[in-house]
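Worth saying up front: this structure is predicted, and the values here are computed from it rather than measured.
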Amino acid sequence: MVQVVQTSLPTTSSSLLDGLNPPQREAVLHRGPALLIVAGAGSGKTRVLTHRIASLLETREAWPSQVLAITFTNKAAGEMRERVRQLVGHASDGMWISTFHSACVRILRREAEVFGYASGFTIYDSGDTRALLKRIIKEHEADVLGFSVANAGARISKLKNELVDAETFSREVNLADPKEAMFLTIFREYTRTLQAANAFDFDDLIAQTVYLFRAFPHVAEPYRRRFRHILVDEYQDTNHAQYALIRELTKPAQNLPGASLTVVGDSDQSIYAFRGADIRNIVEFEQDFPQARVVLLEQNYRSTQTILDAANAVIANNFDRKPKNLFTADGPGAKITGFTGYSGHDEAQFVADEIEQLHRDGTEYREVAVFYRTNAQTRALEEILIRSAVPYRILGGTKFYERAEIKDAMAYLISVANPADALAVRRILNTPKRGIGPATETQLASFAERNGITFRAALRHAKEIGFGPKVAKAITDLSDLLDEATAMTAPPEPDMAPIPVFDVLKLLMQKSGYIDVLRASRDPQDEARMENVEELLAVTKEFQRNNPDGQLIDFLTETALVAAADELDDSSGTVSLMTLHTAKGLEFKAVFLTGIEEDLLPHRMSANEPGGAAEERRLFYVGITRARERLYLSLAMTRNSYGETSVSAPSRFLAEVPADLIEWRQSPGMTGPGAGGRVAGSLAWGSSSASGAGAAAERPKADWGANRVTGRVRDNGDLELAPGDRIRHDDFGEGRVSAVTGVAAKRIAEVQFDTAGRKRLLIKVAPITKL
DNA sequence: CATCCCCTTGTTTTT
DNA sequence: CAAGGGGATG
């Protein structure tokens with residue numbers, strides 16, 4: 001096919017192509033309806049995408065406003081915007097560079113009225129969804145049929161990602177099956193409640209946008225006309241709803257061909273099947289878009305060849321994939337370090353010690369990351385990192401916005417922004433305690449239902465319902481407070497500027513008595529809660545600084561859509577801990593992959609599912625390819641879970657890493673007789689590990705025997721230590737203090753142990769005694 | 001209506 | 001081992 005368009009346009013300047021390899025250049029320069037960039041890990045895809053956008057602008061093929069770029073996380077979006085700005089200056093401001101979810105919220109807020117929603121809708125997070133489902137399941141006693149919040153929620157989510165809503169489902173369901181009938185009831189009620197609350201859950205954001213475009217073509221039309229160039233990153237992780245959205249947006253508009261679509265992805269990094277990601281979206285891209293061009297990026301600019309060799313060898317075990325081989329022009333680099341601990345704590349101690357070694361050798365803490373398969377594994381790591389005085393940060397996990405006090409504060413704001421949201425109002429009804437119990441709540445709810453008004457509105461009628469004077473006053477006070485806050489956000493005079501979110505939240509927290517209750521409490525945990533509320537206030541201030549015109553609803557949108565990886569602060573001088581899933585798209589100089597054991601990686605829940613093991617292998621692959629220079633693989637012989645210690649076995653994936661790439665500090669084969677007793681027999685290895693075990697056997701056993709670590713935590717109060725003091729450590733034996741740094745609770749002793757080497761210990765919590 | 005205590009229950013990843 | 005629910009008590 002002749003690309004007439006291309007030759008008639010000015011060409012992209014050489015500066016945009018400088019330093020790009022031939023396939024990268026092709027990916028920047030190709031013009032046509034559809035382009036698939038198969039980008040292996042670390043192959044410079046962000047560079048290609050940003051240069052492609054800059055090229056489109058430079059040749060005047062596109063206005064900034066015609067560009068829609070979709071990334072996986074807000075952090076990635078911010079990064080891309082920044083890099084585009086460096087290339088084209090403030091022209092980047094007019095582009096939409098965001099996640100699927102943010103883009104859809106933006107569209108929905110604009111168009112909500114078209115299909116019966118108000119623009120101030122609430123976004124329900126997984127916690128809200130859980131609470132709602134819990135209530136519905138309890139109400140219908142659905143638990144006796146085997147329904148749980150988890151399984152019902154997962155199923156609803158799955159259906160929504162397939163664009164099946166409750167009514168569509170009702171047409172295909174077999175009502176003779178009581179379980180199916182019950183599920184339909186749950187699904188319907190869940191949908192109905194969300195609708196009544198003027199709320200969308202995460203899945204709705206995508207699915208409802210698709211529905212909106214399909215049901216109201218005149219709404220879709222302006223978006224189709226506007227976005228002429230659509231670019232989607234991490235395409236391998238799109239689900240059906242997201243795919244459908246892209247299809248809707250790339251449909252021809254009146255007198256206009258469909259937008260040009262560029263997708264970037266790597267099917268070897270598809271790790272979100274559980275969330276509905278459909279690997280077929282990328283595998284069948286060429287059938288979907290018959291005129292598609294495919295460009296392959298295989299040269300890696302991130303990792304050493306050793307790391308790439310390991311990654312290539314592991315992923316080669318997945319069948320039905322297109323062969324792909326990552327390579328680098330840089331050297332082989334250091335070998336991969338392997339370590340087998342006796343326990344999760346022992347493994348964690350290895351990680352802590354090794355991080356300290358890296359740090360002494362000049363690697364900054366923020367260049368180091370520790371990955372794991374499940375959040376539960378953070379416990380042991382945290383304990384030891386604290387004790388070893390290694391500064392760290394956990395991404396994801398119990399997130400800031402999931403803490404009860406933060407959810408409370410947010411519920412106050414939501415009650416103001418979206419009075420239809422009964423869940424939010426009910427949450428704050430008796431928080432802080434004002435003597436309004438479940439009975440009162442039920443009465444309010446039924447009053448609202450009888451009179452066809454919202455729960456929020458029912459609060460204004462407390463006197464008519466006939467509560468006692470105390471209860472009625474409590475309700476009226478709350479209602480008045482919410483009214484006062486509402487008036488602040490939506491001033492009666494149109495030319496008056498709305499009051500900043502900070503002041504609204506402060507008013508709500510003060511007048512509701514929330515802050516007073518926390519302050520008066522003797523519970524030490526409430527002190528932390530107080531600090532969290534203050535931190536949230538600081539967040540609102542920061543928000544106002546970044547968005548001078550930002551409304552309450554914008555603040556709520558932003559906070560509802562923060563992802564784990566968004567929290568990563570590159571300037572922080574701390575080690576990053578995160579799950580393998582969160583690690584996608586990131587890179588670090590040194591990476592620790594922990595818990596490389598059967599039942600953990602691959603996880604036992606997915607090992608038996610069809611395609612499960614392959615996806616877990618991709619997860620391992622993603623982890624490996626995050627490392628630039630140093631990669632560590634560790635596992636433990638025993639692991640504590642649910643109060644019990646169980647024996648674990650090395651992951652099948654470990655044997656897929658060529659043995660000559662790993663230098664075992666302590667291999668699974670070595671943790672045998674004398675150390676782990678009978679356990680060793682169950683850890684028998686394939687032949688591939690034999691040489692690894694041999695190489696590491698040079699180290700004296702006593703050395704790592706001293707590294708066995710227990711999981712107790714203690715408090716030494718203000719034990720005084722000075723250089724020269726002799727101490728005894730429960731795990732490391734005796735040693736001499738060589739230095740003391742830090743102050744108060746953060747004093748750190750550097751100790752030269754007689755057998756266990758040099759360690760840094762947080763004096764307050766380390767299991768030590770002065771001799 | 002609030003608080004305390006016992007019991008059950010659950011074991012993956014998340015926008 | 002944890003958190004969360006349910007029941008009994010103040």
Can the ring centroids of Tyr272(A) and Phe274(A) be said to lie less than 6.0 angstrom from one another?
yes
Under a 4.0 Å heavy-atom cutoff, the residues of residues 591-606 of chain A touching DNA chain B are His603(A), Met605(A)
What contact category does Thr238(A) fall into here, base, sugar-phosphate, or nothing, at under 4.0 angstrom with non-hydrogen atoms?
nothing
Categorize Phe100(A) for me: base, sugar-phosphate, or nothing, with a 4.0 angstrom heavy-atom threshold over every strand shown.
nothing
Find which nucleotide of DNA chain B each of Gln242(A) and Arg373(A) is nearest to by heavy atoms, and output the residue with the more 5' nucleotide.
Arg373(A)
Using a 4.0 Å cut-off to any heavy atom of chain A, which nucleotides of DNA chain C are the first and last in contact, reading 5' to 3'?
dC1(C) to dG6(C)
Any base atoms under 4.0 Å from Asn430(A), or only sugar-phosphate, or nothing? Heavy atoms, all strands.
sugar-phosphate
Nucleotides 3-7 of chain B: which of its N/O atoms have a protein N/O under 3.5 Å away?
none

Just to be sure I understand the rule, does Lys134(A) reach a base, reach only the sugar-phosphate, or reach nothing, if contact means heavy atoms closer than 4.0 Å?
sugar-phosphate
Counting the atoms with a prime plus P, OP1 and OP2 as sugar-phosphate, which does Arg130(A) contact under 4.0 Å by heavy atoms, base, sugar-phosphate, or nothing?
nothing
Arg247(A)-Tyr243(A) side chain donor-acceptor pair, cut-off 3.5 Å
yes
Within this structure, what is the CG-CZ distance for the pair Asn161(A) and Arg275(A), rounded to the nearest 0.5 Å?
8.5 Å
Nearest to the side chain of Phe202(A), which nucleotide is it out of dC1(B), dT15(B), dT14(B)?
dT15(B)
Verify the ring-centre separation between Tyr124(A) and Tyr190(A): is it less than 6.0 angstrom?
no
